[in-house]
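Reviewing the structure listed below.
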Number of protein chains: 2
Amino acid sequence: MPRVVDHEERRWEIVFALWLVIAEQGIEGVSLRHVAAEAGVSMGRIQHYFGTKDALVLAGCTALVDRAYGGYQETADAAPRERLLHVMTQQIPRDDAGRIGVSVWYAYVAKSINDAAVRQVLAEARRGAEDECVRLIRADRDVSAETALAQARRLLALADGLTLRVLVRDLEPAEAVAILEAEVGAG
Amino acid sequence: MPRVVDHEERRWEIVFALWLVIAEQGIEGVSLRHVAAEAGVSMGRIQHYFGTKDALVLAGCTALVDRAYGGYQETADAAPRERLLHVMTQQIPRDDAGRIGVSVWYAYVAKSINDAAVRQVLAEARRGAEDECVRLIRADRDVSAETALAQARRLLALADGLTLRVLVRDLEPAEAVAILEAEVGAG
DNA sequence: CCTGTTACGATGCGAGTGCATTGCAAAGCC
DNA sequence: GGCTTTGCAATGCACTCGCATCGTAACAGG
């Protein structure tokens, strides 16, 4: 058989271009032509690897979730308290790259309100994060499962809100991190 | 001169239809034709009153902010603590109407990342809310301006995050309200 | 009645869209 | 060196989009 290429690499190039388009034009600006131009490839290639526009956009969502999970796993050998703080503060944008990532994230969050497939992906990710936070909290201090769950939910919601404010430049990254450090420390 | 109609009424009908379209199809689904169909009017009417699609969408944003501010002003004769709680919990969706309103709100938040005009409207609204919360906090308890500002920011961010989770049905409205009541009470 | 202005419905146009189709180039196997 | 299967570029098509334009129905003032 013929012509062997690295499929994962090809898919990744296209997904990365998709993220760039979303970051700088919003999810409204996503079209096969725009993504193809950003990636420097032809529309045909995108169709070949993803089939449909919806499939491409959804793949971009799962890729985002996977990347976040991979980043978390790299902290496996840290103390629970540190890992918890990492989960809360990781998505706070500190530079342009972080800003791109989190703006894409929020684009998908908004889309999830009206898109069942995206909603399911994000719901699953959120549930995973919540479970993991509960585990970290109970590893850090002696509390009941219910207490840990309430604390996890409060912390995650707070982190989301702070991240958004940093993204739209209503808040400095340092201040957001400081607030979260105080909250995580207080238990 | 001719043909007198209530301009505000006409504009409001169209903006309301716009909100419905955003709520059920997302901001991607907004087109002059869709909004016109939802409002039961012709495209020409929308052009007559708003000129351009961008102007319509922006008008929908300012109308949303104005409505929220009007709702707040209705609580003018309540105690500061109660008003503060109202600000934090008002946008938590309890029924379908509330869900529509807040989903439109989040659509605009996402749009503000890439749209300067929307961003400015929301930034102004957020600043106003923050200032008002600082005033309410200092009327409720004796704290410094810096402390009140820090508390206000933390509460508003937390309320945003909780609202989002209720919207995507990851959290019950009652639990979100309970968390906020505890936080506002704790000071 | 007439006239001038306003309110808007209808239509047309050029641009952009997602997707199906077609065709060909590249590269293992025989 | 053919043969065959894959990877993908190119093109065409039906459709939707925002917006400009045109026509006209309605109505207050003279």
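Order of the sequence lines sets the chain letters (A, B, ...), proteins ahead of strands, with each chain counted from 1.
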### Distance in angstrom units between A/Arg11 CZ and D/dC8 C1', rounded
15 Å

### Message
Rounded to whole Å, how long is the line connecting atom NE2 of B/His48 with atom C1' of D/dT21?
### Response
15 Å

### Query
Roughly, in whole Å, what's the span from CD in A/Glu9 to P in D/dG7?
15 Å

I'd like a table of donor-acceptor pairs (distance under 3.5 Å, sequence neighbours excluded) in which one partner is a side-chain atom from residues 91-101 of chain A, with atom names and distances.
| residue | atom | partner | partner atom | Å |
| --- | --- | --- | --- | --- |
| A/Gln91 | NE2 | A/Asp160 | OD1 | 3.3 |
| A/Arg94 | NH2 | A/Thr89 | O | 2.7 |
| A/Asp95 | OD1 | A/Ala97 | N | 3.4 |
| A/Asp95 | OD1 | A/Gly98 | N | 2.8 |
| A/Arg99 | NH1 | A/Leu167 | O | 3.0 |

### Task
Measure from CZ on A/Arg45 to P on D/dC8 and round the result to the nearest Å.
5 Å

#### Entry: Partners passing side chain to side chain donor-acceptor pair (under 3.5 Å) against A/Arg45 (at least two apart in sequence or in another chain)
none

### Query
Does a side-chain N or O from B/Tyr49 land closer than 4.0 Å to OP1 or OP2 of C/dA7, or not?
no

### side chain to side chain donor-acceptor pair (under 3.5 Å) partners of B/Glu175, counting only residues at least two apart
A/Arg153

### Query
Is a donor on one side and an acceptor on the other found under 3.5 Å between the side chain of A/Arg11 and the backbone of A/Tyr49?
yes

### Query
Rounding to a whole Å, what distance do you find between B/Leu56:CG and D/dG18:P?
10 Å

### Task
Grab the CD1-C1' distance between B/Ile46 and C/dA7 for me, whole Å please.
14 Å

### Message
Going by side chain to side chain contact (heavy atoms under 4.5 Å, CB included), name the residues that satisfy it together with B/Leu58, two or more places apart in sequence or in a different chain.
### Response
B/Ala117, B/Val118, B/Val121

### Query
Could you write nucleotides 14-20 of chain C as a row of B, S and -, 5' to 3', where a protein heavy atom under 4.0 Å of any base atom gives B, of only sugar-phosphate atoms gives S, and otherwise -?
---BBBB

### Query
Is there any ring pair (Phe, Tyr, Trp, His ring centres under 6.0 Å) pair reaching into residues 8-36 of chain B, and which pairs are they, with sequence neighbours excluded?
B/Trp12-B/Phe16, B/Trp12-B/Trp19

### Message
Below the 4.0 Å mark, does D/dG7 have OP1 or OP2 next to a side-chain nitrogen or oxygen of A/His7?
### Response
yes

